[in-house]
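Both counts, for ligands and for their atoms, begin at 1 and track the order of listing. Source: prediction; values computed, not measured.
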Amino acid sequence: MAKSTLSFVCQNCGAAYNRWQGKCESCGEWNTLAEEDTSGSVPVSIRSKRKGRTFALESLAGKSPDAPRLSSGMTELDRVTGGGFVRGSVLLVGGDPGIGKSTLLTQATSLLARAGHRVVYISGEEAVAQVRLRAERLGLSDAPVQLAAETSVEDIVSTLSEGAVPRLIVIDSIQTMWTDTVESAPGTVTQVRASAQALIRFAKKTGAAIILVGHVTKDGQIAGPRVVEHMVDAVMSFEGEGSQQFRILRAVKNRFGPTDEIGVFEMTGLGLREVTNPSELFLSERDLGTPGTAVFAGIEGTRPVLVELQALVAPTSLGTPRRAVVGWDPSRLSMVLAVLEAHCGVKLSGHDVYLNVAGGLRIHEPAADLAAAAALVSSLVNAQLPTDAVYFGEISLSGVVRPVAQTPARLKEAAKLGFQRAVLPESARGDAGGDAGLSLNAVNSLTTLVAEIAARGSRRGESGAQPEKNATPARFRRGEG
Ligand code: TYD
Ligand code: MG
């Protein structure tokens with residue numbers, strides 16, 4: 001009989017302590033320690049002192065009987081996985097509740113099942129009837145997906161070991177699974193880790209691909225241990241703003257494919273629709289003719305994506321002005337604001353600043369600096385930017401506009417969508433090629449751009465920009481705005 005050993009396990013990082021404490025020393029999180037019985041966390045088979053069996057060693061160049069990748073039939077999903085589900089791989093899909101994870105996976109499994117593959121959908125959260133109801137709504141009831149509402153990993157593994165090996169197994173969700181080998185409650189770190197381990201072992205042994213659904217905590221991490229992220233082959237996150245219809249599937253980690261690709265979907269009354277040209281979607285509801293908006297020509301993976309940045313700069317009534325940003329890195333915004341203050345004479349310390357990326361997209365590229373700066377200055381001086389212009393370029397701390405990668409792809413996409421001009425780094429003009437079809441406005445430093453925009457408008461509010469005399473036009477100066 002194993003002695004019961006109680007430890008306090010951090011629910012965030014999995015570190016174990018033998019007494020309770022308020023803060024986890026390993027990851028620095030507060031109030032994450034929970035009491036768990038960890039005596040059984042090592043399976044009996046490993047603890048026993050049996051003699052190891054011998055196994056055959058193989059060469060790298062072996063032939064697999066089946067195609068190593070299984071295309072899901074959904075282009076956007078395949079783009080993110082890197083061309084389909086790899087045999088024997090385990091993929092974790094995370095996302096907020098209600099974002100559409102179950103919908104996406106119901107659609108993907110149905111397509112595969114219709115194509116003749118054995119596909120199993122295990123729901124630990126919803127009853128069979130609920131899953132059926134969703135399938136009915138999606139018009140997929142006729143797809144031969146094998147369905148069950150189960151939570152015991154041992155039962156699942158024994159059931160799936162019978163008959164032909166399934167090509168794809170969906171476990172919705174990993175937090176509801178539990179295994180006999182450990183004693184903690186379902187949803188605890190120890191249970192989630194042990195359940196994931198058992199399922200990963202099954203995938204590697206049989207060659208079935210497994211998708212684990214994972215919940216996301218308030219601060220955007222996949223709930224439970226980060227260790228699961230390390231154990232699986234790929235981690236995808238399914239994102240979107242609650243009020244928006246757009247959903248973005250992003251690879252966070254991928255052992256078999258790229259990590260910078262995104263898949264774009266739209267949630268409709270009949271399930272998720274793939275969006276093959278995201279720029280059209282993100283620009284479909286543009287606020288033409290309003291100051292404070294600029295179109296950014298971005299790149300997501302291999303695909304150019306045009307998106308509108310919206311800024312609002314307004315005099316503050318608070319001691320400390322507000323800085324709020326949705327869809328972009330707040331520290332990047334602080335940096336752009338600091339460069340505007342230090343090098344372009346744009347004083348923003350008396351203004352609240354809001355920045356929003358339209359359509360619920362989250363931008364990670366530094367190339368968005370120039371578009372953000374243009375939108376901010378445009379809002380401050382109340383000057384509308386040309387509606388047919390796109391912006392891209394990274395801003396350095398010295399105020400110089402630096403070149404970014406893939407200039408031709410950005411310009412081509414802008415031209416395709418009917419834009420006439422591009423504001424881009426001076427040094428990128430050479431990469432642009434002669435046949436871009438756009439008139440190029442190459443800017444060397446941020447000061448030039450600020451001066452150009454300021455020349456178009458009048459200042460909003462009273463106490464605003466007080467630039468250096470030679471850097472910016474007269475309009476900025478106190479009393480003349
Ligand atoms: P769901 O897939 O259950 O989310 P998750 O598994 O990530 O928690 O999706 C739930 C939401 O999606 C719910 O608010 C209803 C909406 N929805 C649609 O708008 N259209 C549809 O066809 C379906 C099936 C769901
Ligand atoms: Mg669900």
Next item on the list: For atom 19 (O) of ligand 1, find the nearest protein heavy atom and state the residue, atom name and distance (0.1 Å precision).
Entry: Met267 CG, 3.4 Å

Item checked: Leu270 neighbourhood, listing ligand 1 atoms whose heavy-atom distance to it stays under 4.0 Å -> 22 (O)

Next item on the list: State whether the side chain of Ser378 and the backbone N or O of Gly292 hold a donor-acceptor pair below 3.5 Å, judged by distance alone.
Entry: yes

Checklist line | Thr188 (side chain) donor-acceptor with Ser184 (main chain) under 3.5 angstrom | finding: no

Note to self: Regarding Glu413 and Arg303, does a basic nitrogen lie under 4.0 Å from an acidic carboxylate oxygen?
What the structure shows: no

Checklist line | side chain to side chain contact (heavy atoms under 4.5 Å, CB included) between Phe265 and Phe246, worked out | finding: CA-CA 6 Å; Phe265 300 86; Phe246 319 128; over 6 Å; no

Next item on the list: Please state which part of Lys101 comes within less than 4.0 Å of ligand 1, counting heavy atoms only: side chain, backbone, both or neither.
Entry: both

Check: Hey, is ligand 1 close enough to Glu126 that some N/O pair sits below 3.5 Å?
Finding: no

Next item on the list: Using a strict 4.0 Å cut-off to heavy atoms of Thr103, name the atoms of ligand 1 that fall inside it.
Entry: 1 (P), 2 (O), 9 (O), 24 (C), 25 (C)

Margin query: Quick test of your reading of the structure: of Gly269, Gly95, Ser123, Gly98, whose heavy atom lies closest to atom 8 (O) of ligand 1?
Written below: Gly98

Notebook entry, point to check: Does Gly271 reach ligand 1 with a nitrogen or oxygen that is under 3.5 Å from one of the ligand's nitrogen or oxygen atoms?
Noted result: yes

Checklist line | Winner among Leu104, Leu105, Thr268 once heavy atoms are compared against atom 20 (N) of ligand 1 | finding: Thr268

Notebook entry, point to check: Which heavy atom of the protein is the closest neighbour of atom 3 (O) of ligand 1, given with residue, atom name and distance?
Noted result: Arg134 NH2, 3.0 Å

Check: Based purely on interatomic distance, does Leu138 place a nitrogen or oxygen under 3.5 Å from a nitrogen or oxygen of ligand 1?
Finding: no

Check: Does Ser173 bring an N, O or S atom to within less than 2.8 Å of the Mg ion (ligand 2)?
Finding: no

Check: When you measure from atom 4 (O) of ligand 1 to every protein heavy atom, which one gives the shortest distance, and what is it?
Finding: Gly100 N, 3.1 Å

Notebook entry, point to check: Which atoms of ligand 1 have any heavy atom of Pro97 under 4.0 Å away?
Noted result: 8 (O)

Checklist line | Pairwise side-chain contact, Asp78 with Thr81, heavy-atom cut-off 4.5 Å (strictly under) | finding: yes

Checklist line | For atom 25 (C) of ligand 1, the protein heavy atom that lies nearest, with its residue and separation | finding: Arg137 NH1, 3.7 Å

Next item on the list: Answer yes or no: is there a donor N or O on one side and an acceptor on the other, between the side chain of Glu394 and the main chain of Pro403, under 3.5 Å?
Entry: no

Next item on the list: Give a yes or no on this: more than 12 heavy atoms of other residues, nucleotides or ligands lie within 6.0 Å of atom CG of Asp142.
Entry: yes

Note to self: Taking Lys416 first and then Glu280, would you say they form a salt bridge - that is, a charged N and a carboxylate O separated by under 4.0 Å?
What the structure shows: no

Next item on the list: Answer yes or no: is there a donor N or O on one side and an acceptor on the other, between the side chain of Arg132 and the main chain of Ser141, under 3.5 Å?
Entry: no

Margin query: Return the closest protein heavy atom for atom 6 (O) of ligand 1 as residue, atom name and distance.
Written below: Ser102 OG, 2.6 Å

Check: Distance-only, no hydrogens or angles: does the Glu266 side chain make a donor-acceptor pair with backbone N or O of Gln245 under 3.5 Å?
Finding: no

